[in-house]
Amino acid sequence: MRISFLGTGIMGAPMARHLAQAGHDVTVWNRTAGKARPLAEHGATVAQDPASAVRGADVLVTMLTDGAAVRDVVRQAEPGIGDGVLWWQASTVGIAATEELVGLAGQQGLRYVDAPVLGTKGPAEEGKLTVLAAGEPDDVEACAPLFDAVAIKTIRLGEAGEATRAKLVLNHLVLAVTDSIAETIALAEGLGLDPAVFLEAIEGGPLDLGYAKLKGPGMIKGQLPVAFPLKHALKDAELVLEAARRHDLDLGLAPTLRDRFQRAADAGHADADMGMVVEASRPRR
Ligand code: NAP
């Protein structure tokens with residue numbers, strides 16, 4: 001398929017690479033061009049702007065920060081968009097923005113597939129993401145070969161919007177688990193204990209957590225490779241809160257999580273990995 005891939009950041013670059021390696025004809029565009037250029041080595045064409053990236057495409061993929069970025073970039077792409085093009089919207093944008101983007105798709109004659117992904121940088125590099133896919137069944141089916149190129153699992157849901165809601169549910173858990181590990185480490189440190197003992201104590205037992213293994217040692221050292229930028233975790237915490245308000249839910253953790261990630265961002269860790277939320281609990285220096 002002829003694929004136009006807009007947004008080659010931490011997640012988008014490896015996803016575009018897997019699509020090209022699966023034999024699709026991939027054109028990439030990224031606002032900061034230097035992040036798109038290396039994909040030429042994997043057979044992708046690098047476009048100068050969104051409109052030329054989508055000209056002649058069967059499928060448009062967006063993997064950008066948030067709803068505002070997706071809306072702006074797709075508007076820029078408009079002059080190049082043909083009739084009946086599929087739009088795989090993979091970014092995490094939340095409920096309100098998804099409604100807006102579905103409307104934008106309608107105006108532009110795009111067939112909207114709401115399909116955010118689960119998994120972080122490592123699974124994206126390995127082509128082992130999970131795709132949550134919602135939309136018209138024929139459109140979701142038409143995207144299946146693309147999902148197979150980047151993921152080990154696709155979970156099919158109902159109409160557009162349902163996958164975004166499922167993604168928010170899962171991200172609430174991710175944020176809560178990450179902050180819980182962070183706070184436990186900070187508590188151990190504060191009580192004069194070696195926090196590595198906590199990781200050792202849970203290993204192999206019912207409390208063991210993949211995320212403790214993945215993020216814990218780096219949280220202790222204060223050095224984590226950026227897999228999921230903390231500013232995006234903060235964005236997702238806001239999106240969960242927005243969803244809770246809309247559905248009149250009284251979530252206890254959601255506002256606290258938003259505040260923890262906000263505090264770590266304010267302390268200078270917005271571009272660091274989300275695991276640096278540990279700094280929100282450490283004594284202020
Ligand atoms: P990222 O590396 O920060 O990439 C963000 C992308 O959006 C970059 O290509 C960036 O361009 C572009 N962008 C932002 N604002 C823009 C604007 N106004 N106009 C044009 N381009 C703009 O982040 P990421 O981790 O790949 O995340 C992308 C999406 O996937 C987010 O919605 C995130 O929540 C979601 N997600 C992330 C993970 C993860 O673990 N990292 C997992 C699942 C889902 P520049 O390069 O020019 O800044």
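All ligand and atom numbering here is 1-based and tracks the order in the structure.
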* Is L64 in polar range of ligand 1, meaning some N or O pair under 3.5 Å apart? -> yes
Does [X] approach ligand 1 within less than 4.0 angstrom via side chain, backbone, both or neither, non-hydrogen atoms only?
| X | value |
| --- | --- |
| A227 | backbone |
| T8 | backbone |
| T32 | both |
| M11 | both |

Quick check on [X] - does any of its heavy atoms sit under 4.0 Å from an atom of ligand 1?
| X | answer |
| --- | --- |
| A68 | no |
| D66 | no |
| N30 | yes |

Given the rule that I, L, V, M, F, W and Y join up when any side-chain heavy atoms are under 4.5 Å apart, are [X] and [Y] in one cluster?
| X | Y | result |
| --- | --- | --- |
| L60 | W88 | no |
| M219 | L234 | yes |
| W29 | V26 | no |
| F5 | V70 | no |
| L209 | I220 | yes |

* Between the candidates M274, R31, M63, K231, which shows the shortest non-hydrogen contact distance to atom 17 (C) of ligand 1? -> R31
Which of the numbered atoms in ligand 1 are below 4.0 angstrom from a heavy atom of [X]?
| X | value |
| --- | --- |
| A69 | 15 (N), 16 (C), 17 (C), 18 (N) |
| K235 | 31 (C), 32 (O), 33 (C), 34 (O) |
| K35 | 45 (P), 46 (O), 48 (O) |
| H232 | 1 (P), 3 (O), 23 (O), 25 (O), 27 (O) |
| V73 | 19 (N), 20 (C) |
| K167 | 43 (C), 44 (C) |
| G9 | 2 (O), 4 (O), 9 (O), 26 (O) |
| T120 | 39 (C), 40 (O) |

* Going by the side-chain hydrogen bond (donor to acceptor under 3.5 Å, both in side chains) test, which pairs reach into residues 139-152, not counting sequence neighbours? -> R111-D139, E141-R156
* Asked: Would R263 and S281 count as having a side-chain donor-acceptor pair, cut-off 3.5 Å?
  -> no
* To do: Using only heavy-atom distances, determine whether the side chains of T164 and T98 contain a donor-acceptor pair under 3.5 Å.
  => yes
Quick one: look up the protein heavy atom nearest [atom] and list residue, atom name and how far away it is.
| atom | answer |
| --- | --- |
| atom 42 (C) of ligand 1 | G119 O, 3.0 Å |
| atom 2 (O) of ligand 1 | I10 N, 2.8 Å |
| atom 39 (C) of ligand 1 | F228 CD1, 3.3 Å |
| atom 35 (C) of ligand 1 | T92 OG1, 3.6 Å |
| atom 14 (C) of ligand 1 | T65 OG1, 3.1 Å |

* Minimum-distance pair of heavy atoms, taken over all atoms of A212 and I202 -> CB-CD1, 3.9 Å
* **Pair E242 + R165, salt bridge at N-O below 4.0 Å** => no
* **Charged N-O contact under 4.0 Å between K215 and D273** => yes
* side chain to side chain contact (heavy atoms under 4.5 Å, CB included) partner of T62, the single match among V74, L101, V93 -> V74
* Would you say D49's side chain and S52's backbone share a donor-acceptor pair under 3.5 angstrom? -> yes
